Undergrad: 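One structure is given below, represented as structure tokens, and several questions about it will come after.
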Amino acid sequence: MQLMSDAVMVLGSRHGLFIHPAEKRAYVVRCGAFQEIPCELQAGLTVNGTTRWLPLRAEGEAFSFCDQDISPCGLTLTGIDPESALKLELTVKSPFRPRDPAFSTSPVLDLELRVKRLSAQFRWTPQLPIRGNVEISLALVCPDFGDVDQLDQMLRWSFTVNAYHDRSDTENRRPIQQEDAWVVHRGEVRDGKVCLSRPPSELEDASIHLSWCTWSEPMMRVHGEPAPFKYTENFASLREVIDWVRREPLALKENAARVDGIMASHNLSRSTSNLMALTLHAWLANTWWCRGSERDWFTVWEGSCYFHSTVDVEYTQTPFYLAVWPELLAMELDEWPDFVVPGDQIIGDRAKGTVVFMHDIGQMSDIDTTRYNHPMPVEENTNYVLMSYAYWRRSGDDSRVHRHAGILRQALDFVLACDTTGNGVPDLGTSNTIDDASPAVQFGKEQVYLAVKAMAAFETGADMLAHAGDTTGVVARYREAAAIIADALRERAWLDDHFVTLLDASAEGVKNEWTGETFKDGVLPGWDAAHIYTINGLTLLDMIGRRLDISEEQLTMDLRVATERCLDKYGCRHSDFEGDMPGAMVGEGGDIKATCRIGWISMNLLRDLSALYRGVDLRALMDRYWEFQVVVNTQGAHLFFETFNGNNLMTYPRGIVVWGYFDAVAGARLDHVTGACTVAPYDNQVRVPLLLAADWEAGVAPMIDSGRLRDPGGLLQRAGFTPG
């Protein structure tokens, strides 16, 4: 693949390397901005007196041909020296093993630099004889590191990073001491680098192998109190990390072979594999896993915005949690209720006794309060309800249904209060986080997007409260509200061949939350446009097998029609509205001039999952999504770049939604509460693993293959499911 920016990071432990081959540099990633600590990872091959370097060093002679590969657990950079017919491979791996917190948060990266002979000459380049030894070397050079101590087959250094309270106030910072070490398993430590020299006849298995370890004092503060990293439960000091990697030098490499092997067992496109790897890397780069006084705190930054655990972003990421690691979502479900606000603060007295879930729970290295500019109450309340339901049904764990029953009821009561017309569809509190879309999509009253989400939330909320034994009468009230919304959608949402954006086209009273201005009387342009969000509230339910009272025939037609009409170069924009966008929007990144052509890759992917469950094959769009990542990451250090044609949501975690793709292609509906497990593969050619029941340590998973479920090890039954 093309050389492009990427990162290898440890889950929740703020330890990682961000590479940018286009500018021949890299970055050490800790708790500040992703590109705050520039460095060079100098990997060289010396043959016949000439040294060539992989493209992470600014000076020196570069390889004439380079290649790159990525996988969920790591990346590889390759350089070829045509005259000697040798290639140099640098591989960096992280300890990612789903559902194993202790291993996955180990603050270690595995680095291997290997020289290999080509099986033949490179193209038509004549091969010259090699005189003397071949030498390879690896060094990490960073101005921030200061003195590097060399002892006992190890390079060790200390440095300081800065933890910030928010993105804008970089003056008020907290210095955090870091202790790092390169523990060398193979190679010679010399002059601040690691070297290996071999005669040409002994290049078989010629490699440098080391573990990059770190240990940090707490970077995160939870409500002002320092929160140590999760890994400190197992490693009380850097010394203990070093001892572990010396006892288990191959642990990360062997784990990567198993995890990457499961993920490579599908027969979908190469773009799918690459996007899964890149999005996991971006998500890992945003994760924090710390220990509070009473519980763990797992949060995910919102990319270049650095907000913690943005509710709507985590909603879009939920297919990953449902398909791979539900327990991570469970921790967030316990965290968000700490940050709700009274509903009457948002829409007045009609919402007394209710609550609103806010956008986020902090920023940078502080979990304390929401930082976003305005609330998105209907959207975030319904997101929380739907995530709670999906977690319960996928995991079988009903503890949070009981624990949070009261706050679920208050959140749903707020959504009830947002309907002032009696048709069930919210017309208050409808501003959402699609913050670069047309006014109709972003601010309009009676949005079809939110109507479907509200309907889904009422139905699933009723299921949860009935399970919790609620006797207040709200269960029947919520089911009635869902039925009223269903009637409104049947009567007013369908226009010829698609669902419109708004049931109420009126601009009266619609407020631009960024500017505070109220739109003039008349009609909001784009109210009748086709859009990609009708299905947004249903994807999590598709993964479980929960249906709602919406015409499946219309949903299927809408998926096809809206996709075709909204399709742009790199995916679908929000809607097919093509008129002028009135005025400048004021987003988190500052003033922007909105354009109707903006689209979000992750929202396309979430739509694609629901499409596959309905027999609408949008798999070909994966090439467009991946092409956009290649375009931006060959020119800048961005990782997963969410937005095309405008906006600046980069180093973003939300692309991880693509990890729900295997379930969707398989038509897998898994409900742990009933034990139901059904599959309906899109076609008989599909081969994909079912990740929820994978044995990651053994490197095996149930497979959908040639139209059939194959699970000879009974992994699904061991996970609590009965295939049917």
Side-chain angles (χ1 to χ4, degrees), residues 343-344 346-352 354 356 376-383 385-386 409-432 434 438-462 473-496 498-511 518-519 521-531 533-538 541 547-555 558 575:
D344 55 345
I346 308 298
I347 62 170
D349 289 347
R350 65 183 296 114
K352 276 188 175 180
T354 70
V356 167
M376 294 72 54
V378 171
E379 180 178 30
E380 304 297 37
N381 278 19
T382 55
N383 283 338
V385 173
L386 291 170
R409 185 171 59 247
Q410 289 175 296
L412 288 167
D413 284 348
F414 177 85
V415 180
L416 283 177
C418 288
D419 166 33
T420 69
T421 68
N423 70 353
V425 180
D427 54 282
L428 299 178
T430 57
S431 291
N432 60 50
I434 311 171
S438 68
V441 170
Q442 187 178 171
F443 307 121
K445 298 179 289 187
E446 298 193 356
Q447 299 172 26
V448 167
Y449 160 53
L450 295 181
V452 174
K453 271 196 165 175
M455 179 184 177
F458 285 136
E459 284 282 10
T460 58
V474 296
V475 171
R477 187 160 74 245
Y478 297 155
R479 294 207 193 282
E480 181 184 2
I484 293 172
I485 294 174
D487 287 341
L489 291 173
R490 271 191 294 271
E491 294 168 5
R492 298 170 53 202
W494 189 253
L495 180 62
D496 297 330
H498 70 278
F499 286 106
V500 296
T501 300
L502 303 177
L503 300 186
D504 183 350
S506 170
E508 183 180 359
V510 175
K511 180 182 176 183
T518 300
F519 289 91
D521 294 343
V523 171
L524 276 180
W527 73 270
D528 55 352
H531 59 103
Y533 292 100
T534 301
I535 208 73
N536 188 278
L538 301 181
L541 306 187
R547 292 292 181 90
L548 296 181
D549 185 15
I550 305 178
S551 167
E552 285 294 322
E553 182 181 355
Q554 288 181 337
L555 287 171
D558 182 71
S575 77

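Just so it is clear, the structure is predicted and the values come from calculations on it, not from any experiment.
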Undergrad: Does some side-chain heavy atom of L502 sit less than 4.5 Å from a side-chain heavy atom of K445?
TA: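 No - every pair of side-chain heavy atoms lies 4.5 Å or more apart.
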
Undergrad: Minimum heavy-atom separation for S431 to K511, with atom names?
TA: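 Minimum heavy-atom contact is OG-O, 4.3 Å.
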
Undergrad: Out of I347, L450, T430, which residue meets the side-chain contact (heavy atoms from CB on, under 4.5 Å) rule with C418?
TA: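 The single option meeting the side-chain contact (heavy atoms from CB on, under 4.5 Å) with C418 is I347.
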
Undergrad: Nearest 0.5 Å, what's the CG-CD1 distance between L555 and I535?
TA: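 One gets 4.5 Å once the value is rounded to the nearest 0.5 Å.
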
Undergrad: Strictly below 4.0 Å, N to O, side chains only: are R477 and D413 in salt-bridge contact?
TA: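 Result for this pair is yes, salt bridge flagged.
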
Undergrad: Closest approach of A482 and E459, non-hydrogen atoms and distance?
TA: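 The answer is CB-CG, 3.6 Å.
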
Undergrad: For V474 versus R409, what's the shortest heavy-atom pair and its separation?
TA: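 Minimum heavy-atom separation between V474 and R409: CG1-CD, 3.7 Å.
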
Undergrad: Nearest 0.5 Å please: distance from the CZ atom of R350 over to the CG atom of L428.
TA: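 Between R350 CZ and L428 CG, I get 6.0 Å after rounding to 0.5 Å.
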
Undergrad: How close do Y478 and F458 get, counting heavy atoms only, and between which atoms?
TA: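 In this case the closest contact between Y478 and F458 is O-CB, 3.4 Å.
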
Undergrad: Between E446 and N423, is any side-chain donor less than 3.5 angstrom from a side-chain acceptor?
TA: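 Result is yes, a qualifying pair exists.
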
Undergrad: For D344, what residues pass the side-chain hydrogen bond (donor to acceptor under 3.5 Å, both in side chains) criterion, not counting sequence neighbours?
TA: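 D344 satisfies side-chain hydrogen bond (donor to acceptor under 3.5 Å, both in side chains) with no residue once adjacent residues are dropped.
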
Undergrad: Please assess V356 against E380 for the test side chain to side chain contact (heavy atoms under 4.5 Å, CB included), listing each intermediate value before the final yes or no.
TA: CA-CA 8 Å; V356 167; E380 304 297 37; 5.9 Å; no

Undergrad: Whether the side chain of D427 engages the backbone of T420 through a donor-acceptor N/O pair (distance < 3.5 Å, no angle test) should be reported.
TA: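 It does hold such a pair.
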
Undergrad: Go through it in stages, so that I can follow the logic: the residues are V415 and K453, the test is side chain to side chain contact (heavy atoms under 4.5 Å, CB included), and I'd like the CA-CA distance, side-chain angles, deciding distance and then a yes or no.
TA: CA-CA 10 Å; V415 180; K453 271 196 165 175; over 6 Å; no

Undergrad: Is the shortest side-chain heavy-atom distance between H531 and V448 below 4.5 Å?
TA: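 Yes, at least one pair of side-chain atoms sits under 4.5 Å.
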
Undergrad: Between the main-chain N or O of W494 and the side-chain N or O of Q554, is there a donor-acceptor pair closer than 3.5 Å?
TA: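 No; judged by distance alone, with no hydrogens or angles, the pair does not exist.
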
Undergrad: How many angstroms lie between atom CD1 of I485 and atom CE of M455, to the nearest 0.5 angstrom?
TA: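 Nearest 0.5 Å value for the CD1-CE distance: 7.5 Å.
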
Undergrad: Go through the steps for V425 and R492 under the test side chain to side chain contact (heavy atoms under 4.5 Å, CB included), then give the verdict.
TA: CA-CA 11 Å; V425 180; R492 298 170 53 202; over 6 Å; no

Undergrad: Quick one: closest heavy-atom pair of A457 and V385, and the distance?
TA: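 The answer is O-CG1, 3.5 Å.
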
Undergrad: Please lay out, stage by stage, how V441 and Y449 fare under the test side chain to side chain contact (heavy atoms under 4.5 Å, CB included).
TA: CA-CA 8 Å; V441 170; Y449 160 53; over 6 Å; no

Undergrad: Testing the 3.5 Å rule here: is there a donor-acceptor pair between the side chains of D419 and T421?
TA: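 On atom types as modelled, these side chains qualify, holding a pair under 3.5 Å.
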
Undergrad: Between D558 and F499, is there a donor-acceptor pair closer than 3.5 Å when you use the side chain of the first and the backbone of the second?
TA: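 Yes, D558 side chain to F499 backbone: donor-acceptor pair under 3.5 Å.
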
Undergrad: Rounded to the nearest 0.5 Å, what's the gap from CD on E552 to CG on D549? Could you check?
TA: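 Atom-to-atom, E552:CD and D549:CG are 10.5 Å apart.
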
Undergrad: Any side-chain to backbone donor/acceptor pair from T460 onto L386? Under 3.5 Å, distance only.
TA: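 Looks like no, no N/O pair under 3.5 Å.
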
Undergrad: Has E480 got more than 12 heavy atoms of other residues, nucleotides or ligands less than 6.0 Å from its CD?
TA: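 Not more than 12 within 6.0 Å, no.
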
Undergrad: Hey, could you give me the CD/CD1 distance between Q442 and I434, rounded to the nearest 0.5 Å?
TA: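 The CD atom of Q442 sits 8.0 Å away from the CD1 atom of I434.
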
Undergrad: What pair of heavy atoms forms the shortest contact from L524 to G444, and how long is it?
TA: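 Taking L524 first and G444 second, the nearest heavy atoms are CD1-CA, 3.8 Å.
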
Undergrad: Does the T382 side chain pair with the main chain of A454, one donor and one acceptor, at a distance under 3.5 Å?
TA: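 The answer is no, because no donor-acceptor pair under 3.5 Å joins these two groups.
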
